Amino acid sequence: MMKHTYIEDVGKHDGEEVTLRGWVHNKRSSGKIQFVILRDGTGYIQGVIVKNAVSPQVFADADTLTHESSIELTGKVRADSRAPSGFELDVRGLKIYQEVSKDEPFPITPKEHGIEFLMDHRHLWIRSTRQRAILKVRHEIIKAVRDFFDDDGFTLCDTPVLTPAACEGTTTLFEVKYFEDKAFLTQSGQLYNEATAEALGKVYCFGPTFRAEKSKTRRHLTEFWMVEPEVAYATVDDMMDLAERMITFVVQRCLVRRSEELKALERDLSMLEKVSVPFPRISYDEAVALLQKHGSEIQWGSDFGGGDETIISQQFDKPVMVHRYPTAVKAFYMEPDPARPEVALCVDVLAPEGYGEIVGGGQRIASYDLLAQRIKEHDLPREAFEWYLDLRKFGSVPHSGFGMGIERAVTWICGLEHVRETIPFPRMLYRLNP
RNA sequence: UCCUCAGUAGCUCAAUGGCAGAGCAUCCGGCUGUUAACCGGAGGGUUGUAGGUUCGAGUCCUACCUGAGGAGCCA
C-alpha cells in the first residue's frame, strides 16, 4: 500500500506521485475535465481529473462524487500558479471510502447559513475553512500558554472538577449526584491552586470550568476552559508583570505560527502586533474618573458594566490592566490594600477593541483571622473551608494568581463576534447539543 | 429573570390583507481550466404551534414554542 501524504506537505513532492486522503470540499465539472477540491484538515488542494488521462471507471466515479464524501486521490503533484496553494494534483487514481448519499446531501453548503442551523450542525460545521482556522488558533493559544508557564518554572498541577463546595457561593454552580451525596462542578481551580502553590511554589491548572449563570451574551459559555497560575510569595504587582508577559508571549506566538489562519479570519494583524510589554496600568479610581469623563453613569463603588469595559479598553491600543477595585465588589479571598483597606489588591486585564475582561486575579488574603472573618461575612459554610484556612495556619505567605478564560482570549485574538465559535462544542444557556 | 427582534422549500431570503416565489443545494442535460464555476431543464410547501378578526391571513390580533441580540452576573 502506498504511503499517504498530507496536503500541507505536497510542496515537498513536486513532480512526484502521492496519495492524498480526505474529504470532498467542492467539485466542478466541465464535461471532459473535473476539478475536485480535497480537504484533509491540513489544507486544501485541487485535483484535476481529465477524461482521456484516466480510466473510464475513475472518471465515472469522480462524476458521482458528492460534498464531504471521504476519498483517496492518487496522482502527480504539479506546481501551478493558478492554484491558491501553489500546487495541484493530476489525478490518476480515485478510491471512495464512503459516498455521501444524494438523497441526504451534506447540509452545510458553500452559501450562507443562519446561526441556529449552524449550531445544530456544529459537528459538521467545524469542517469549514473558517472554523478550522479558529480551532487551529485556539490550539496555538493553549500550546503557547502551556509552553510559557512550563518554561518559566511553573508546575502543572491539576485541580478537581468535582468539588464539595462553592468557591464563591452556590447560585452559579452545577450540582451533580455523587453517590448518596451531592457535588458541584468546579467554577475555578483557584482555592486548590493556593494549596499546590504552598507545595510547589509556582503552579498552574488548566481545565474546564462550569458556571450555571443564566447569562445570554456573546461573551458567555456555561462550560469554558481556564488557565490559572498561582505563585507563592507573589504580590499583585508580580501578577501584572506575569499576565502581561504571558499575554504578549501568546499573541506573538500566534502571529508567528498562525498568521495564515488569522489572515483567513480577516483579522487586523496590526492590532495584535501592538501587543507588547508593558501594558498600561490604571487604578480603579482612575478608571472611574475616565469613565465619568466619557459619559458613564458609574459611581465609585460599583463594578463595571460591559459598556464600561468597552469604553476603558478603547482608550488604549494594548490590553489595559485595571487594579485595586473596591473590596466590597470582589470575592471574599481578595487581600485588601494595607494602605487603603477599602480597595483590594486585585487586577483585571481588559482586551483591546472592546473585547472586555480576559484575565482576573490578584493577591489572596494571607491572614488566618481576616480570612475567617471574610468567610463569616459572606455567609459561607465554615466547615467546607477548614482546609483552605489551614493554608493560613501552616506557613502562610503572601501569594497571588490569576485566571484567563481561553475562549475569550481566542475571541479577541481571532477578532470574532461571539465566543461560541472558539470551542469545538459550545455549551451555553440554551445550547447543550450536539 | 427582564427588554427587543425573528420564525415561509434541505439552506438563505422575497411576497401592498387578494394565484406560494427566487438563488443555492439535489436530480437530468451541456461544456477540456473551473475557483461560492457557468448555461438549459425538473422535482421540492400543513408559511413554528393553537386560537381569533376578515368575503379572504404568510401578512392583522392574542397566547404559547423555538431561536437571536442585549441587560444583570461573570472569565
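Hydrogens, waters and symmetry mates play no part in the numbers below; they use all other heavy atoms, side chains included. Sequence lines set the chain letters: A, B, ... in the order given, protein chains first and strands last, and positions in each chain run from 1. Keep in mind that this is a model prediction, so the values were computed, not measured.
Rounded to whole Å, the separation between the P atoms of B:A75 and B:C5 comes to 32 Å. Nucleotides B:U26 and B:G44 have their C1' atoms positioned 9 Å apart, rounded to a whole Å. Atom P of B:G58 sits at a distance of 10 Å from the matching atom of B:G48, rounded to the whole Å. Look at the C1' atom in both B:C27 and B:G43: the space between them is 8 Å, to the nearest Å. Only the P atoms considered, B:C24 is 29 Å distant from B:U59, to the nearest whole Å. Here the separation of B:C13 from B:C55, taken at their P atoms, is 36 Å to the nearest Å. For the C1' atom pair drawn from B:U49 and B:A25, the interatomic distance equals 28 Å after rounding to whole Å. B:A15 and B:C60: their P atoms are spaced 12 Å apart (whole Å).
Between B:U32, B:A25, B:C74, one nucleotide has an atom nearer to the side chain of A:Arg219 than all others, and that is B:C74. Checked against B:U12, B:C73, B:U26, the side chain of A:Phe117 finds its nearest nucleotide in B:U12. Of the candidates B:G10, B:U32, B:A68, the closest approach to any side-chain atom of A:Ile115 belongs to B:A68.
A:Ser276 and A:Lys318 get closest at one heavy-atom pair: O-NZ, 3.0 Å. Across every non-hydrogen atom of A:Val250 and A:Ile141, the tightest pair is CG1-CG2, 3.8 Å. Considering every non-hydrogen atom in both A:Met226 and A:Gly405, the closest pair reads CG-N, 4.4 Å. Across A:Pro336 and A:Ile365, no two heavy atoms sit closer than the pair CD-CG1, 4.2 Å. When all heavy atoms of A:Arg420 and A:Arg122 are compared, the pair lying nearest together is O-NH2, 3.9 Å.
If you check distances only, the side chain of A:Gln46 does reach the base of B:U34 with a donor-acceptor pair under 3.5 Å. Side-chain to base pairing of A:Arg28 with B:C31: no donor and acceptor N or O lie closer than 3.5 Å to each other. A:Glu88 contributes a side-chain N or O that forms a donor-acceptor pair with the base of B:G33 under 3.5 Å.
Defined by atom type and a distance below 3.5 Å, a donor-acceptor pair is missing between the side-chain atoms of A:His399 and A:Gln363. Using a 3.5 Å distance cut-off with no hydrogens or angles, the side chains of A:Gln190 and A:Tyr333 do pair a donor with an acceptor. Between the side chains of A:Asp285 and A:Ser283, no donor-acceptor pair of N or O atoms lies under 3.5 Å.
Using a 4.0 Å heavy-atom criterion, one finds that A:Phe224 contacts the bases of the nucleic acid, with or without backbone contacts as well. Heavy atoms of A:Arg431 sit nowhere under 4.0 angstrom from any nucleic acid atom. Using a 4.0 Å heavy-atom criterion, one finds that A:His418 contacts the sugar-phosphate atoms exclusively. The residue A:Leu221 sits close to a base: some heavy atom pair falls under 4.0 Å. At a threshold of 4.0 angstrom between heavy atoms, the contacts of A:Thr66 with the nucleic acid are absent. A:Arg130 comes within 4.0 angstrom of nothing in the nucleic acid, heavy atoms only.
When each of A:Arg420 and A:Met226 is assigned the nucleotide of RNA chain B bearing its nearest heavy atom, the one mapping closer to the 5' terminus is A:Arg420. Closest-nucleotide positions on RNA chain B for A:Thr222 and A:Val50 were compared, and the one nearer the 5' end corresponds to A:Val50.
Look at NE2 on A:His113: it is 17 Å from P on B:G23, rounded to the nearest Å. The distance from atom CG of A:Leu173 to atom C1' of B:C74 is 13 Å, rounded to the nearest whole Å. Taking atom CD of residue A:Glu407 and atom P of nucleotide B:A75, one finds them 14 Å apart after rounding to whole Å. Per the geometry, CD belonging to A:Glu228 stands 9 Å off P belonging to B:A75, to the nearest Å. Rounded to whole angstrom, the span from the CE atom of A:Met428 across to the P atom of B:U66 amounts to 15 Å. Atom CG of A:Leu429 is separated from atom C1' of B:A68 by 12 Å (rounded to the nearest Å).
Remark: A:His220 is not in phosphate contact with B:G72, judged by side-chain N or O atoms under 4.0 Å from OP1 or OP2. The phosphate of B:U32 has neither OP1 nor OP2 within less than 4.0 Å of any side-chain N or O from A:Lys51. Taking side-chain N and O atoms only, A:Lys214 has no distance below 4.0 Å to OP1 or OP2 of B:G72.
Stacking between A:Phe35 and B:G33 is absent: the aromatic ring centre is not both under 5.5 angstrom from the base six-membered ring centre and within 30 degrees in plane angle.
Note on A:Lys136 versus A:Glu261: no salt bridge recorded, every NZ/NE/NH1/NH2 to OD/OE distance being 4.0 Å or above. With respect to A:Asp147 and A:Lys143, a salt bridge is recorded, a charged nitrogen being found less than 4.0 Å from a carboxylate O.
Looking at residues 345-359 of chain A, you'll see A:Glu357, A:Ile358, A:Val359 sit with a heavy atom under 4.0 Å from some atom of RNA chain B.
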